[in-house]
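Worksheet: one structure, shown below.
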Amino acid sequence: MNKYHELIRERYAQIGSNDLGYIEDALGAVMMVLNEVVDNQLVPQDLRDKAAYAAANLLISDYDVK
């Protein structure tokens, strides 16, 4: 858990304590965010490329695309 950014660890704790709601389709939420990153022209191209690569790998994996 320590390898993730402090903000991620903070949200994790908030979800665990029920301060934030749990998302049932967490992988779907990840795909939506990755798609937003790839689509955003203000995001540096190298980060957009990484997001596209991660999303494509997720789609090829066992993830059930809805």
Side-chain angles (χ1 to χ4, degrees):
M1 188 61 127
N2 288 332
K3 66 181 176 180
Y4 300 112
H5 191 275
E6 181 180 338
L7 185 56
I8 294 171
R9 296 191 312 264
E10 181 181 312
R11 294 299 183 262
Y12 180 88
Q14 290 171 332
I15 292 168
S17 67
N18 290 323
D19 289 340
L20 283 178
Y22 172 76
I23 298 173
E24 195 69 29
D25 182 18
L27 290 177
V30 169
M31 284 299 301
M32 295 289 289
V33 170
L34 289 172
N35 191 60
E36 287 180 33
V37 169
V38 172
D39 193 43
N40 188 336
Q41 299 297 315
L42 299 176
V43 173
Q45 186 62 46
D46 64 325
L47 184 54
R48 292 172 62 213
D49 289 339
K50 289 177 186 178
Y53 183 66
N57 273 280
L58 185 55
L59 288 171
I60 288 176
S61 74
D62 293 333
Y63 174 59
D64 182 25
V65 180
K66 296 178 178 154

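Note that the numbering runs from 1 along the sequence shown for the chain. All figures in this text were calculated on a predicted structure; none of them were measured in a lab.
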Suppose we screen for side-chain hydrogen bond (donor to acceptor under 3.5 Å, both in side chains). Which residues come up paired with [X], at least two apart in sequence or across chains?
{"X": "R11", "result": "Q14"}
{"X": "D39", "result": "none"}
{"X": "D46", "result": "none"}
{"X": "E6", "result": "none"}

Spell out, as yes or no, whether a donor-acceptor pair under 3.5 Å connects the side chain of N57 to the backbone of Y53.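 Pair found, side chain donor or acceptor close to backbone of Y53.
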
Under a single-linkage rule joining Ile, Leu, Val, Met, Phe, Trp and Tyr whose side-chain heavy atoms are separated by less than 4.5 Å, which residues share a cluster with Y22?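 Other cluster members: I15, L20.
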
Transitive ILVMFWY cluster of M1, excluding itself - 4.5 Å side-chain cut-off: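 Hydrophobic cluster check, M1: joined to Y4, I8, Y12.
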
Residues that V43 engages under side chain to side chain contact (heavy atoms under 4.5 Å, CB included), provided they are two or more places apart: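 Listed in chain order: V37, N40, L47, R48.
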
Considering non-hydrogen atoms only, spot the tightest contact between L58 and S61 and give its length.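 So the minimum-distance heavy-atom pair works out to O-OG, 2.6 Å.
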
Looking at every non-hydrogen atom in both residues, tell me the closest pair between A52 and V38 and how far apart they are.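 For A52 and V38, the tightest heavy-atom pair comes out as N-CG2, 3.4 Å.
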
L27-L59 co-clustered via ILVMFWY side chain contacts under 4.5 Å: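 Yes: a chain of side-chain contacts under 4.5 Å links L27 to L59.
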
